[in-house]
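Note sheet for the following structure.
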2 protein chains.
Amino acid sequence: MTEHENKTTKALTKNQVMVLDVLSKSNAPLTAYGILDLLRDDGFRAPPQVYRALEKLCEFGMVHRLEGLNAFVACSHSHCQNGGLAAFAICEKCGEVREFTPAKMSNQLEEWANSKGFAAKKTTIELSGLCKACNQ
Amino acid sequence: MTEHENKTTKALTKNQVMVLDVLSKSNAPLTAYGILDLLRDDGFRAPPQVYRALEKLCEFGMVHRLEGLNAFVACSHSHCQNGGLAAFAICEKCGEVREFTPAKMSNQLEEWANSKGFAAKKTTIELSGLCKACNQ
DNA sequence: ATTTGATATGTTATATTATAACATATATGT
DNA sequence: ACATATATGTTATAATATAACATATCAAAT
């Protein structure tokens, strides 16, 4: 049993582990090029190496992409791997990102989707504004 | 009383009108560069002309940005100008975008935000998947 | 009507984000 | 060991977005 496993119980590759590690250690979202810079000394030379790892990690639910920032964060929860809905509150001032799980909202989205026959594969919910500390 | 007005009852500028027009006439989202191409014959030469108009139109609530597509759509409703929440269902296959208004969900997001002291200025909700027709 | 200040526009250049295409290497199953 | 799939390295380029600055237009006050 290796340290990181995805839902298919397959170990992550070397590059996936490195990308996940820098994201996990960061307390703010990172862009693909930011990750690339952090991993130059570890053999990363070009964007595709980062983007390919990110693509898989997002598939596995271990990383989320913040569309509004073109940036990426490690998932705060384990249940995202199980298809759970994730939402994000992004502070415009300090950059803090909080992931949360709007359980009921999920049902309402499903209701709308069901009523219209829309089969949702992915749901993006992002709030941007000011966190408590920055709003004082 | 001019044709287009925003919530401050100020008429749109020439460029804003042209960008809104092409978006309104399009039955699919357009990228900034797509809009630029459509407006070349009308004096548009460079990206900033498009991006500046889009920025204002988004502020006014007359255009929405689809973060997941890096594209823009004219708002389907009038109430978006009043700070209403908008959500989008984007079909991966045919590209159709449906805007809808998840009234109750808005309350739940507010509840979470209130409980955490987060002051949300903007909310992005995007579902991507297959529309009814494409899911047959 | 003219000045003034604010807003909008035009333009060039460049920054940022993302992917195509192809060669090589590593892992996996038989 | 062989065949096949997956992952990696690399170069080049595409697609998206903004900085910076010059000029023009608009709106209000004198």
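Naming convention: chains lettered A, B, ... in sequence-line order (proteins, then strands); numbering from 1 in each chain.
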B:Ser115 (side chain) donor-acceptor with B:Trp112 (main chain) under 3.5 angstrom: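 Judged by distance alone, yes, a pair lies under 3.5 Å.
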
Any donor-acceptor pair under 3.5 Å from B:Glu126 side chain to B:Glu67 backbone: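 Yes, the answer is positive, given that a donor and an acceptor are paired below the 3.5 Å cut-off.
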
Separation of atom CG in A:Leu54 from atom P in C:dA18, rounded to whole Å: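 Interatomic distance, CG of A:Leu54 to P of C:dA18: 9 Å.
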
Non-neighbouring partners of A:Lys25 that pass salt bridge (Lys or Arg N to Asp or Glu O under 4.0 Å), sequence neighbours left out: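 Testing A:Lys25 for salt bridge (Lys or Arg N to Asp or Glu O under 4.0 Å), a comparison that skips the adjacent residues, returns none.
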
Contact pattern, 5' to 3', of nucleotides 6-22 of chain D - B, S or - by protein heavy atom under 4.0 Å: -SBBBB----BBBBB--

Any pair counted as side-chain hydrogen bond (donor to acceptor under 3.5 Å, both in side chains), so long as it reaches residues 46-57 of chain A, sequence neighbours left out: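 Listed once each, the pairs would be none.
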
Atom pair CZ/CG of B:Arg45 and B:Leu36 - distance to nearest 0.5 Å: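 Rounded to the nearest 0.5 Å, the CZ-CG separation comes out at 10.5 Å.
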
